[in-house]
Each structure stands twice: as structure tokens, then as C-alpha cells.
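Position 1 is the first residue of the sequence, and the numbers go up from there. These values consider heavy atoms only, across backbone and side chains, with no hydrogens, waters or symmetry-generated copies.
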Amino acid sequence: MSKKDLSERDICTKFITPALVQAGWDVQKQILEEVFFTDGKIYVRGKLTARGERKRADYILYYQDNPIAIIEAKDNKHSIRSGIQQALGYAIILDIPCVFSSNGDGFLFHDRTVNNEDIETELSNDEFPTPEVLWDKYKKYKGIVNTEGEKIALQKYFYDGSGRKPRYYQQNAINRTVEAIANGQNRILLVMATGTGKTYTAFQIIYRLWKSKNKKRILFLADRTALIDQTRKGDFKHFKDKMTVIKKKVLEGNNGKEELISNKKRGIDTSDKAYEIFLGLYQGLTNNEPGIEDAYKDFSPDFFDLIIIDECHRGSANENSSWREILTYFKNATHIGLTATPRETQETSNTEYFGDPVYTYSLKQGIDDGFLAPYKVIRVALNVDSEGYRPQQGKTDKEGNLIEDRIYNRRDFDKKLVIDERTDVVAQKVTEYLKGLDRFAKTIIFCVDIDHAERMRNAIAIHNADLVSENYKYVMQITGDNDEGKRELDNFINPEEIYPVIATTSELMTTGVDAQTCKVIVLDTNINSMTKFKQIVGRGTRINEEFGKLYFTILDFRNATDNFADPTFDGDPLRVKPITDDVDLITIIDEEYDDSTPILDVVSGEEIIIERPQVRNPGNDQNTVLERRGKQYINGIDVSILVSRELYFDSNGKPITISLQDHTKGIIKGKYASLDDFLLTWNQADRKEAIIKELQEQGILVEALYEAVDKDVDLFDLICHVAYDQKPLTRQERADNVKKRNYFTKYEANARKILETLLDKYADEGVENIESIEVLRVKPFDDFGSTIEIVNGIFGGKNSYMEAVKELETELYRKV
């Protein structure tokens, strides 16, 4: 067999791997072959899901735990250079500097550390670089210039024996962070979408810096007890007795006397070296009570070498907050901010403090890679929301108070004016959707405030009385003021627990809720903050394949999903805070809250109403306080659904604003300029399914297009009809045309029957279902014998069988 006849795998085994071994690479420790580094994007087809192709590198070469080179292999029918573009694309994703392409004759080396004529060179199989040579190039690429930096970079990850290791983007984030610290950077920002493992990433960063002795005492800061508990019991448990939780200083009564209980009295000696990893709540380190010193001052300013700030878009983003005081006090430590949603407003800026992110992994990237769940969006328009509601003359509320005569809209409802019928219609629609999907699909309904969440719970219970009578926890109000509801939060997010199924909330569940199996998010609240919107969407992005959670649905009653069209939704954060200390307006409340928005008091764990603070008007020296009008409750209003429709998104995750037909036409004509171009590709393809998958990956929404066109055709005819204005034939018409041509007469009886059965299967299910040999395992094909008996006994071998199937496809799509 000549070299040209060898498969790609044979080329790897016979030529590429031996060249690596000859250059000093260790097959067991430094070479990984056929490395899948994504899970494959999830495509939703009705209620069904399918995975796209996973990205795979033929070779990744490692120096310790650092990926330093990538090789794309091709068979010898290709040139030595043919894999370089694919390899470069992967190298950028994986943050790898040294890129190779090979067909077994040698290597094309693309060196991303240079920008001169040496950027691409051809090497023979005997000239492949040694591990030390490529490690030096990696250090140059990463800017590692000293021995201490190299020591940190060479520190291994933590492995617990379970086989778990960082995903590629976690590895990028970890390496970028430790390398930045090695290079002397002390303020670092990591942006990673909700559900992508920020805490695990933080653990590995801490572990590598701690084990390399670069950072000896480390503080992990969060703003909720639940986040500290999750961290302590989760990834951080491997720190064992080297870890402790800092408690808040409190006054405790003892025999009629109050005594200040400090961390030292609790057994945390701040001068003792027994503990090296500290977990702390912001609220546990600060006190707002007179006479009680802040707990963080138990420690000297130089006590911590490293501070990790989880959810740093919250309190620590504001330079005037008491939380920022903690970071200022420990200013000599390295500070790493973690967030899915960096905050950039006129008043608050993460990048002002931390600088630009050293690494960003977005929601879109997570969905494209198949690590995060995609979403469907259904917009529901109510008549009173779209048209507005104006009370008839003399209309009073339930207490007999006159309703002000003006037009009310969705921004007023449930905040200033409560319409019972509106709440009922929303609950009815949610119930209707769940009955069509799964009545036990975990669902979060985000409401305007606690009062709204309470009323929504009641309305959902009424429309689901049969299930509520079986278990009242079918729907629960989970808000800061409801102790029973808060106790059920862990059960709601536990995949093993059935109840609660539906949670009504306002602010409590917007962040820090790891709802792996949440399949439906209902938006019945006005969302003015992009940060808050992204946090809410993040409640549904986790995947749990064991429990069938591969995508989620957003039911939007308030047009909140307009935020998807905003460039800042999944783009890089842009700093908008002016670089100046001169402000004309004193702003105390965060931009996402208005005068009557309930927020979570993270100290007490309760949701409270924050009144708008006194605001100094630049044109008036007198302070004025904005008064908030109380809610009014009314009923007897005609509320109905005007329209309920699904939003569709393009391959960039942006809503499609033109018709699906025009959107599809643009994609197809961008790839195939003419009908003849498309037909040529289609007819020459070994498997039509490959073309279908490619078009879907480019953004063609097949299922939605079928619904819009409303024709019983396969994708071939759908494309020809939509893109090239061809008259479509149904699958049955195409099958009948083949039968009329007496095409099967050249086959013997059993072969003819099998092909006729394949034709019937095509008419029922489409071309994808006849291209796989696996179809012969199911009825009625198994009546003819086993797959081997059919392929070898009736068709004379696999090649002959596949050729017969291809000829059948040619007949199906033949121009008449």
C-alpha cells in the first residue's frame, strides 16, 4: 500500500507520532491525540434536541499542564499545508502559540510568537522542535520573563482522581490569570458567563498560586451565605483543614452583659498560620453598628497575599461602598474580580478598578461550544400592555379610592396599579405552556416585587389545583421575606427533588442560584438593567443531560427580551464612567433600581423597599425627596392575549427582524450564489445530512422554516423554494416519481424490496434517515435478516450497498 492510500489515522501512527518521539516528546505525558475540546452546540428542533459536531484537535502538545502546540493532520493526498488554517483557528481558541500542519511528509510550522518572514517554515520529519524549544516560545508568547513566573506557570493543576480537569476556556482563564500575576499585575478581571464554572476556575487559580508558594494567605469574598456554603462544600473542600470561614463580630448577651465576640474568640487567630485559605462574606467583615469595629480589621493590612472577589459587579464595584473599604484596606494584596456581568455605568465601573478583563468567555461562546443551554423565546403581548389601560370615569380601586385618569402601561402594572385579571391571564398562559411541555418542568417566574410574587403564586395554584392538592409545594413563593419559601430554595435547585416545581420570586433568585434543571423562565417584570437581565437569563443556562435539561424557554410578558438586541448583551463591556471626581448629581442607589424596586438586603437576607434617597439638584440648593405613590388594586378589567409568538435568533445570537424566508435566503445565497451551485454540491455530496448540518450551523432554522412555509417537503425542496423560487415537491411526490421510472428493475427481488422500503422511509421521514446503515436494524428491514446479512448477502458488501443508496438519492433529486 502506497503512502497516498493510507488513512489520516495511519499517517498519524506511522509518521507524525514517531517524529514527535524522535524530537523528545513523551507519548504518555506530553502528547494528546484526538482531543475534543467542545461538547457540540445543542440545536433545538421542536421538543427534540441534537448535538452539533464537537471541535477536535488531532494533536495537542503539553509542557506540564500548559498546551503549547497544536498539530492538524491530513492524509497524504493533501499537501503539507492543507491543515494550517483549521489549526490556526483552533490555536486562537485554545490560546496556543505554536501551530503545525502535516500530511506525513513533514510539517508546516506557523509561529505566532514572531511577525517576520519566519512566521511560516517547512520542516522535515527529523526537524520537529523539542519540548524545550517550544516551551521557550510559549514563555515568549505569554511574556514570562523571570524564574518566579516560570515556577508559577509550571505548577500543575489539582486533580482529585475523578478524571475531572479544566475545560479549555477554564484553562485559558486560569493560565491568563496566573501569568498576569507572574508578570506583576495586581488587579485582574475575569469575565465568565453564568454556568461556566467560575468557582472551579477560582479554585484552580488559588491552588496553583498557593502550591507554588507565590501566594500564601488567600481570602475568597462573596456577598451571600449560600455562595460561601456552595464554595466551601464544593470545589474548595480539597483545602480541608487549611480553610476556614471568617465570622462577623457580634454583641452577645451573657449574664445580662453584652460581650463583643471576635474571630479570635471563635478560634480564628489572625496571627496563627494554621489557616491559609479564608472564606468571608462582605457583610461578615463589615459592621454598620456603632461601637463595633469592622471584622476585617482583626487582620493586619498585609495579612492576605491574594483576594478573590466573587460577583464583583455587585457591592465592590462601587468605589463609595463599605465593601470597597475591605479591598482598600488590603491594598497590597493581589485582587482578582470574577463576574458574568461586569458593571459599567456612569457611577460604577469594574474596569476602572480591575482594568480590562484578562479573559472573557461569553454566553454566546458557551452556547456555541455546547457547554451552555440554548434558549427559545416566546413573547406574549397582552392587550392592556400593548394598548394601555385608561380607567373609565369614576373608576375606583377595591378600597373605594378614585383611580387617577391617565393611560397606564406595563411599566405601571403591579408597581402602581394591580389588575387582578392581568395576573390571572399570565398564570393561565404559563400553565398552558407547561401543559404542552411538561407540568413538572422547573420554572422561575420573576415578578415586580414581593407582593406581585405572592399574588402570582396564588394565581398559579388556582390554575394548577389538581397538582397543588397533591402537594402544596408544587408552587412556592421564594422571596426574602418568606421563611418557608427560602427554606425550599435548596430543594428547588436540587435535580433529585421534584418539589417545588414553580417558584415565584422578585429579586432573591436573580443571582447565586445554581438551577441546573430550570427549563422555563417567565419574565413578568420590567428589567431596566442589562446586568440584571443577564443574571436572570443565566438562571437557565446550565445543562443537565441526566435530567433531560438541554435547553430552556423564556416566556416574556414585558418585552424584556428586547435586551437580546442590545450590542452590550453579549459583547465586551465598554467603560462609560467618566474619569473625573466632579459629579453634579449624588447617586446612591444602583442604576437598576428605581424608587419602589424591592432589593435584597444581603445582611438580613430580606427583600426590602428602598426609598429614593435625597438627591441634590444642581440648580436648587434645597434637597427634595421624591414621594412614592402607593399601589392601587382593581378588577373587572378585560385582559386578553393579543399575540403569542416565538422569537428567532441568528447565528450571532441576535433576534431576526426580517422574515425567516428572507433570513434563510440570505444565508443560502451567501454560500451558493446560484441554483446550479447548490445542485452541484448537493448531488456530489456523499451524505446529504452533512450539507443539512452545515446549513443549520450557519443559522438556518429548519423547524421554524417548515412551520412558516407550511409544506410537507424535505430540506432540499425547502431550500430550492425559499432561496431560488423553485416549485417544491413533497417527499411523497419525489418517491412516486422514482417508482414511475421503474428504476428498481435492475436489482434482484430482495434488493429491490429493500430499496423500495428505503424509498417509503424517505417519504415518511426524509433523506437523513436512509443514509445511515443503522436504519437496517429497525423494522421492517430486520425481516430480511441482520444488517450483515442484508449488506453482504443481498448487496454483496458495504460499498455496493452504499453505492445503491447513493444512486437512489440521485434518482430522488433528478431534474425532470
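- With respect to Lys435 and Glu432, no salt bridge is recorded, no charged nitrogen being found less than 4.0 Å from a carboxylate O.
- How far CG of Asn172 is from OG1 of Thr360: 11.5 Å, rounded to the nearest 0.5 Å.
- With a 4.5 Å cut-off on side-chain heavy atoms, Phe557 and Val425 do not count as touching.
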Stepwise side chain to side chain contact (heavy atoms under 4.5 Å, CB included) check, Phe564 with Tyr375: CA-CA 11 Å; Phe564 283 125; Tyr375 45 81; 3.4 Å; yes
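- Without hydrogens or angle criteria, Asp385 side chain to Leu382 main chain gives no donor-acceptor distance under 3.5 Å.
- In the model, Ser102 has no side-chain atom that pairs as donor or acceptor with a side-chain atom of Tyr59 under 3.5 Å.
- Ring centers of Tyr169 and Phe371: under 6.0 Å apart, within the cut-off.
- With hydrogens and angles left out, the side-chain atoms of Asp95 and Tyr168 include no donor and acceptor closer than 3.5 Å.
- In this structure the side chain of Lys740 reaches within 4.5 angstrom of the side chain of Asn737, judged on heavy atoms.
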Criterion salt bridge (charged side-chain N to carboxylate O under 4.0 Å, His left out) on Glu122 and Arg81, from CA distance to verdict: CA-CA 9 Å; Glu122 287 195 18; Arg81 301 173 296 278; 3.4 Å; yes
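- A 4.5 Å side-chain heavy-atom check between Lys761 and Phe781 finds at least one atom pair inside the cut-off.
- Taking each heavy atom of Ile543 and Leu372 in turn, the nearest pair found is CD1-C, 3.5 Å.
- A 6.0 Å sphere centred on NZ of Lys798 holds no more than 12 heavy atoms belonging to other residues, nucleotides or ligands.
- With hydrogens and angles ignored, the 3.5 Å screen pairs a side-chain donor or acceptor of Thr541 with a backbone N or O of Thr194.
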Verdict with supporting geometry, Ile11 and Lys74, side chain to side chain contact (heavy atoms under 4.5 Å, CB included): CA-CA 8 Å; Ile11 292 293; Lys74 297 294 181 184; over 6 Å; no
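- Proximity of Ile773 to Tyr801: side-chain heavy atoms (C-beta onward) are separated by under 4.5 Å at one or more points.
- In plain terms, the two heavy atoms of Ala73 and Cys12 that are nearest each other are CB-SG, 3.6 Å.
- Under the 3.5 Å distance criterion, the side-chain polar atoms of Asn683 are matched with a main-chain donor or acceptor of Leu679.
- In this structure a side-chain-to-backbone donor-acceptor pair under 3.5 Å is present from Ser674 to Asp677.
- To the nearest 0.5 Å, atoms CG (Asn563) and CD1 (Ile527) are separated by 7.0 Å.
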Worked check of side chain to side chain contact (heavy atoms under 4.5 Å, CB included) between Thr681 and Lys671: CA-CA 11 Å; Thr681 304; Lys671 187 169 182 62; over 6 Å; no
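- A centroid separation of less than 6.0 Å is found between the aromatic rings of Tyr90 and Phe37.
- A donor-acceptor pair under 3.5 Å links the side-chain atoms of Gln170 to the main chain of Thr196, judged by distance alone.
- Seen from the ring of Tyr359, Arg176 does not count as a face-on cation partner, given the 6.0 Å and 45° thresholds.
- Looking only at side-chain heavy atoms (C-beta outward), Arg9 and Glu34 come within less than 4.5 Å of each other.
- A distance of 8.0 Å separates CG in Leu437 from OG1 in Thr443, rounded to the nearest 0.5 Å.
- Between the side chain of Lys519 and the backbone N or O of Thr553 there is no donor-acceptor pair closer than 3.5 Å.
- Between Lys739 and Glu756 there is no salt bridge, since none of the side-chain N atoms of the basic residue sits less than 4.0 Å from a carboxylate O of the acidic one.
- Side-chain atoms of Arg558 come within 3.5 Å of backbone N or O of Arg410 as a donor-acceptor pair.
- Here the CZ-OG1 distance, from Arg814 to Thr810, works out to 9.0 Å after rounding to the nearest 0.5 Å.
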Verdict with reasoning, Glu809 to Lys806, per salt bridge (charged side-chain N to carboxylate O under 4.0 Å, His left out): CA-CA 5 Å; Glu809 290 180 346; Lys806 190 167 183 181; over 6 Å; no
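- Without hydrogens or angle criteria, Ser101 side chain to Ile80 main chain gives a donor-acceptor distance under 3.5 Å.
- Of the possible donor and acceptor atoms, one in the side chain of Thr38 sits under 3.5 Å from a partner among the backbone N and O of Lys55.
- Side-chain contact of Ser7 with Asp10: a donor-acceptor pair under 3.5 Å is present, judged by distance alone.
- The aromatic rings of Tyr813 and Tyr762 sit perpendicular to each other, their planes meeting at more than 60°, with 30° as the lower class boundary.
- Electrostatic pairing of Arg56 and Asp58 counts as a salt bridge here, judged by a charged N lying under 4.0 Å from a carboxylate O.
- Residues Ile445 and Val426 form no side-chain contact, since every pair of their non-hydrogen atoms from C-beta on lies 4.5 Å or further apart.
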Side chain to side chain contact (heavy atoms under 4.5 Å, CB included) evaluation trace for Phe100 with Leu61: CA-CA 11 Å; Phe100 298 85; Leu61 307 184; 5.5 Å; no
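- The minimum heavy-atom distance between Ile96 and Pro67, with the atom names listed, is CG1-O, 3.6 Å.
- With a 4.5 Å cut-off on side-chain heavy atoms, Ile770 and Val775 do not count as touching.
- Contact between Lys4 and Asn76 at its shortest, heavy atoms only, is NZ-O, 2.9 Å.
- The closest side-chain heavy-atom distance from Tyr141 to Ile68 is not below 4.5 Å.
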Test salt bridge (charged side-chain N to carboxylate O under 4.0 Å, His left out) applied to Asp369 and Arg167, step by step: CA-CA 11 Å; Asp369 288 341; Arg167 293 169 171 170; over 6 Å; no
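- Of the inter-residue distances, the one linking Thr757 atom OG1 with Lys779 atom NZ reads 12.5 Å to the nearest 0.5 angstrom.
- Under the 3.5 Å distance criterion, with hydrogens and angles disregarded, no donor-acceptor pair is assigned to the side chains of Asn799 and Glu803.
- When all heavy atoms of Lys665 and Val722 are compared, the closest pair comes out as CD-O, 3.7 Å.
- Within the 3.5 Å criterion, the main-chain N or O of Lys549 finds no donor-acceptor partner in the side chain of Asn544.
- For Lys727 and Glu733, the salt-bridge test fails: no basic side-chain N is under 4.0 Å from an acidic carboxylate O.
- Rounded to the nearest 0.5 angstrom, Leu812 CG and Leu759 CG are separated by 5.5 Å.
- Defined by atom type and a distance below 3.5 Å, a donor-acceptor pair is present between the side-chain atoms of Asn559 and Arg379.
- The two residues Phe552 and Val537 have their closest heavy-atom pair at CZ-O, 3.7 Å.
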